[in-house]
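Quick notes on the structure that follows.
Atoms within each ligand, like the ligands themselves, are counted from 1 in listed order.
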Amino acid sequence: MDDALFFALHEGLPRQAPGSDAVTQDAVRRLRAHGLPDDPEVLDIGCGPGRSLMMLARVTGGRVTGIDIHEPFLGEAQRRIDEAGLGRRARVERRSMLELDALPAERFDLLWGEGSIYIAGFDAGLERWRRLLRPGGLAAFSELTWLTEAPPAEARAFWADAYPAMRTEAANRAAAERLGWRVLDTVTLPDSAWWDEYYRPLEARIAEWRERYPGDAARAAVLDAEAAEIDLRRRFGAGYGYVFYLLRRMG
Ligand SMILES: C[S@@+](CC[C@H](N)C(=O)[O-])C[C@H]1O[C@@H](n2cnc3c(N)ncnc32)[C@H](O)[C@@H]1O
């Protein structure tokens, strides 16, 4: 797929992965029960246009740094911060999640990532980013997850190509525990978190592009791939989901 066209299609959408403000708030509330401090230092990894960043700045009572590599998303996040007057609680910087070894150890109380840890790899992210947390620090990562051991063949074939590393919740839990984390809780995102702020706005953008660029083969390839993912969700959504893994650094 043409990456530049993919990003252009996605720019200006409310969020870049399934999620919702309610889910972000609920995850913070659950982590409070596990000792999240009142004024935590938070790192939002792959923050995109900053929807979770803004919610974290509002509800954690701490300071949130969002990192991403796509400048237009960082620009959108910065605009949201400015418009809300949250500059003292939230900031963004251009930094790759693959190069976080340069950050000082034990700098954060909370690591966050909505629909982004897959870019580093679930296991590699958990392994490499653990050092960024103070001992006993907390993390929340949402990750595409099989919700059944026997998914429908069509869904299995689609994700075998699009995201072959996808595993079940049990396998992800076991991996996290093996890598020095305790799994405190998991939350499967409701179906509405896929549609309301992600797939429906994306579908509207797809329809707009189809009308605006008839006969553009490069664009049509991107639009067809995105539409196929959405169609799969409509038909086989029960077999897979986004699961939020709420974790504590052990040791
Ligand atoms: C699926 S989107 C999720 C964005 C955001 N968390 C949200 O829920 O709207 C993944 C994000 O990771 C960013 N990204 C891709 N590669 C990255 C890298 N190496 N380092 C940091 N961010 C990266 C993309 O630009 C994109 O914003």
Donor-acceptor check, side chain of Arg249 to backbone of Gly180, threshold 3.5 angstrom: yes or no?
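No; judged by distance alone, with no hydrogens or angles, the pair does not exist.
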
Is there a donor-acceptor pair under 3.5 Å between the side chain of Asp68 and the backbone N or O of Gly48?
yes

Are there over 12 heavy-atom neighbours, none belonging to Arg212, within less than 6.0 Å of that residue's CZ?
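Result for CZ/Arg212: enclosed.
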
For ligand 1, would you mind listing the residues that have at least one heavy atom less than 4.0 Å away, ordered by chain and number?
Phe7, Arg15, Gln16, Ala17, Gly46, Cys47, Gly48, Pro49, Asp68, Ile69, His70, Phe73, Arg95, Ser96, Met97, Leu98, Glu114, Gly115, Ile119

Qualifying salt bridge (charged side-chain N to carboxylate O under 4.0 Å, His left out) pairs with a residue from residues 131-144, counting only residues at least two apart or across chains:
Asp109-Arg134

What salt bridge (charged side-chain N to carboxylate O under 4.0 Å, His left out) pairs are there with at least one residue in residues 56-66, not counting sequence neighbours?
Glu41-Arg63

I'd like a table of donor-acceptor pairs (distance under 3.5 Å, sequence neighbours excluded) in which one partner is a side-chain atom from residues 237-245, with atom names and distances.
residue, atom, partner, partner atom, Å
Tyr240, OH, Arg233, N, 3.2
Tyr245, OH, Thr145, OG1, 3.0
Tyr245, OH, Asn172, ND2, 3.0

